[in-house]
Amino acid sequence: MDEMSDLFEQRVRKLQLLKKEGINPFPNDFKVSHTSKEVFERCGSLSNEELQTFEESFSLAGRIMAIRDFGKAAFIHIKDREGKIQAYLQKNILGEESFRFFKRFDIGDYIGLEGRPFKTRTGELTIQVDRFRLLVKSLRPLPEKWHGLTDIETRYRQRYLDLIANPRTKEVFLRRIQIIQRIREFFTARGFYEVETPMLHPIPGGATAKPFKTYHNALEMDLYLRIAPELYLKRLVIGGLERIFEINRSFRNEGISTLHNPEFTMLEFYQSYATYLEMMEMTEDLICSLVKEIYGQFSIPYQGREIDFTPPWKRIRFEESLLEIGGLDPAILREPSKAVEVARGLNLELKKGTSHGRVLADLFKEVVEPRLDQPTFVTHYPTAVSPLSRRNEENPELVDRFELFIAGREIANGFSELNDPLDQRERFLQQISERGEEADASLLMDEDFLLALEFGMPPTAGEGIGIDRLVMILTDSPSIRDVIFFPLLRPERSAT
RNA sequence: GAGCCGUUAGCUCAAUCGGUAGAGCAACUGACUCUUAAUCAGUAGGUUGCAGGUUCGAUUCCUGCACGGCUCACCA
């Protein structure tokens, strides 16, 4: 029986009927004069009496989100890119035939309408429709109007439904867009050029994560999706581009979690004749301006706690943080064997090598990082875990580097850049020996980059900021998947 | 990769101790010209994620698989 088949087939039949009647269900010649928001801006503060004399007619388009039908009249809500507005359709204004056609609309269809504004008894600004057109016939029912779409898997797989049904989702992504826009303005205003560097790397450098591997047929060569843009950006600095930034997608073939997506967005920027100290100040300025713009104050909520961005932010040296925040025995700083012993006591595996600096870094990750809830710069990392950073003048076992932590997670990593090509080569060699047979040496020693460095890189400081994680904090989102439109998921296994 | 939890109508959720799978919204038919989760009357909609097992009988108990979530591991 016809009426009994599923909702999709019902809609397809409606569509076919429209076509048979010579009505195009997907026209593209409707002209929009205003958005819903513009109508509110123009008319929202006017009284109904003032609106009576309002001459102008508005032409709006949007998706029908609700229909309240009264037989000879109906209210609908339509949603466009900037919001929602109510419209009122009456039989005695539209005429018998036109009103009967309106009755065939479904929630989810796009409608184009023309009419004048008025206010209802309850004071809601509404368009009195004079004319309307079907713009798109929708063949699938939308999620429920009241609860929206809550199934997390569907929200990720069919993000468009999430965006339609859940206003909060749209707010989060609009905020992400706003943040990235402000970052561009921030750096452009300071004389930085926005650049683009390769995403296909013959040698995946600038970090040590596992890369995604691919192959170029014509060149018959392996290539890797970049794990970081750092070494290419430095080549540009060597080329004389003294202030540059890249908002880059990088790829790491590692586990997925609430803090990790295989592809993620990073901001990297480099400034010649600056040091890591200026980078910290710039970071504070940038993030504070974002917080202020979004929240209007420095104290913001994140997952049930308060984070206070009031500058200046706490700064602490790496080694001191192990003692003061981690509560560890000061002996670990003097005696590598003691550090190993403490790490073993905490059940850390130490498989990445047991150089003193690396063990301390493991301890840091375990006992300090999760406790850095409020914005904190940790400075003076061990050289052993910082192969691209400039050595500290007073203590060459430390580097002029910092990391920024907020809500117990790493948000930024910056340092004065190592520009001594001989030392850089040594550091790469150190990496190779430390990793042993585990790593392919040819993928760690980037001779082309070393060649560039040998021509001379000006004293420079650089930094990377994890945009997704920053957006998480500034939108009170618990998972990185909440701030990436299409997070990576396994494909759904089809039923057939 | 490991542990725990989840998967029921298009959507949001129920289903007692293992006893014929229900509701709201959406849809369909009808009434209704200021509603806004409109209202009222009626109708239809299910391989309970998939495959097995136990049982007279499985949404429910067991095993495996798929997908997802959380935690851990991994991510210098």
Side-chain angles (χ1 to χ4, degrees), chain A residues 1-11 13-14 48 65-77 84 86-94 99 106-108 118-124 126 128 138-158 161 164-165 206-211 227-228 252-262 264 347-349 351-353 355 357-362 364-365 381-389 403 410 413 427 430-431 434-435 438-439 444 478-479 481 487 489-495:
Chain A
M1 283 199 283
D2 261 14
E3 297 97 328
M4 307 225 174
S5 42
D6 75 12
L7 301 171
F8 175 72
E9 283 169 30
Q10 260 177 35
R11 296 274 185 106
R13 272 196 299 279
K14 287 184 180 183
N48 213 10
M65 300 302 290
I67 300 176
R68 290 178 292 278
D69 179 9
F70 290 86
K72 297 191 180 65
F75 287 96
I76 64 174
H77 264 109
K84 253 191 203 180
Q86 184 171 253
Y88 189 42
L89 298 97
Q90 288 173 287
K91 190 176 180 178
N92 61 359
I93 288 183
L94 294 165
F99 193 73
D106 289 299
I107 291 169
F118 76 105
K119 279 191 174 166
T120 63
R121 271 180 208 157
T122 53
E124 178 167 351
T126 300
Q128 170 79 57
S138 168
L139 301 181
R140 302 273 182 187
L142 291 180
E144 199 227 10
K145 61 186 170 189
W146 188 243
H147 300 92
L149 180 67
T150 64
D151 181 76
I152 292 179
E153 188 174 349
T154 309
R155 289 181 49 218
Y156 295 157
R157 287 192 197 280
Q158 295 175 273
L161 292 180
I164 292 167
T208 54
K210 288 190 206 83
I227 54 177
R252 295 184 184 179
N253 203 341
E254 307 280 358
I256 295 176
S257 77
T258 50
L259 293 176
H260 301 86
N261 194 63
F264 63 102
N347 285 321
L348 301 186
E349 283 192 39
K351 58 189 163 201
K352 289 167 235 150
S355 75
R358 198 164 292 282
V359 173
L360 293 181
D362 285 344
F364 176 86
K365 202 134 193 111
Y381 278 75
T383 303
V385 296
S386 313
L388 301 166
S389 305
E403 288 194 313
E410 181 190 341
N413 176 21
R427 304 270 201 103
Q430 187 61 39
Q431 291 268 290
E434 205 168 65
R435 307 212 114 210
E438 173 201 344
L444 289 169
S479 169
R481 298 181 202 94
L489 299 178
R490 279 200 171 88
E492 235 171 340
R493 202 179 51 165
S494 72

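For the numbers below, each heavy atom of this structure counts, side chains included, while hydrogens, waters and symmetry mates do not. Each chain gets a letter, A, B and so on, in the order its sequence line appears, and its residues count up from 1.
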Please pick, from [options], the nucleotide with the shortest atom-to-atom distance to any side-chain atom of [X].
X	options	result
Ser479(A)	rC70(B), rC75(B), rU33(B)	rC70(B)
Leu7(A)	rA26(B), rA76(B), rU12(B)	rA26(B)
Lys14(A)	rC28(B), rU35(B), rA26(B)	rC28(B)
Phe75(A)	rU33(B), rU35(B), rA76(B)	rU35(B)
Glu153(A)	rC34(B), rC11(B), rG68(B)	rG68(B)
Glu144(A)	rA26(B), rC75(B), rG24(B)	rG24(B)
Arg358(A)	rA76(B), rA27(B), rU35(B)	rA76(B)
Ala209(A)	rU12(B), rU33(B), rA76(B)	rA76(B)
Lys72(A)	rG69(B), rC32(B), rA76(B)	rC32(B)
Leu149(A)	rC70(B), rU12(B), rC34(B)	rU12(B)

Using the [atom1] atom on both, measure [N] against [M] and round to a whole Å.
N	M	atom1	value
rC50(B)	rU59(B)	P	11 Å
rU63(B)	rU55(B)	C1'	16 Å
rC13(B)	rU71(B)	C1'	27 Å
rG18(B)	rA73(B)	C1'	39 Å
rA58(B)	rA51(B)	P	15 Å

With a 4.0 Å limit, can you tell me whether [X] has a side-chain N or O closer than that to the phosphate oxygens OP1/OP2 of [N]?
X	N	answer
Lys119(A)	rC34(B)	no
Lys210(A)	rC75(B)	no
Thr208(A)	rA76(B)	yes
Arg490(A)	rG68(B)	yes
Arg140(A)	rG10(B)	no
Arg68(A)	rA38(B)	yes

At under 4.0 Å between heavy atoms, what does [X] touch on the DNA or RNA strands: base, sugar-phosphate, or nothing?
X	value
Phe118(A)	base
Leu489(A)	sugar-phosphate
Ala361(A)	nothing
Asp69(A)	base
Ala66(A)	nothing
Arg481(A)	sugar-phosphate
Lys84(A)	nothing
Asn92(A)	base
Gly148(A)	sugar-phosphate
Tyr88(A)	base
Thr258(A)	sugar-phosphate
Thr150(A)	sugar-phosphate

Can you tell me how far apart [atom1] ([X]) and [atom2] ([Y]) are? Round to the nearest 0.5 Å.
X	Y	atom1	atom2	answer
Leu360(A)	Tyr381(A)	CG	OH	12.0 Å
Gln431(A)	Thr208(A)	CD	OG1	6.5 Å
Arg481(A)	Ile256(A)	CZ	CD1	7.0 Å

task = For the residue pair Phe75(A) and Phe70(A), categorise the inter-ring angle as parallel (less than 30°), tilted (30 to 60°) or perpendicular (more than 60°).
result =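 Plane angle over 60°, so perpendicular.
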Looking at [N], which nucleotide sits across from it as a Watson-Crick or G-U wobble partner, both distances under 3.5 angstrom, or is there none?
N	result
rG18(B)	none
rA23(B)	rU12(B)
rG1(B)	rC72(B)
rG42(B)	rC28(B)
rA37(B)	none
rC67(B)	rG6(B)

Donor-acceptor contact below 3.5 Å, side chain [X] vs main chain [Y]:
X	Y	result
Glu144(A)	His147(A)	yes
Asn253(A)	Lys210(A)	no
Arg427(A)	Ser389(A)	yes
Asp106(A)	Gly108(A)	no

ask   = Quick one: does His260(A) reach the base of rC75(B) with a side-chain donor-acceptor pair under 3.5 Å?
value =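 For His260(A), whose side chain was compared with the base of rC75(B), there is a donor-acceptor pair (under 3.5 Å).
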query = Considering only heavy atoms and no angle criterion, is a donor-acceptor pair shorter than 3.5 Å present between the side chain of Gln86(A) and the base of rU35(B)?
reply =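 Per atom types, the contact qualifies.
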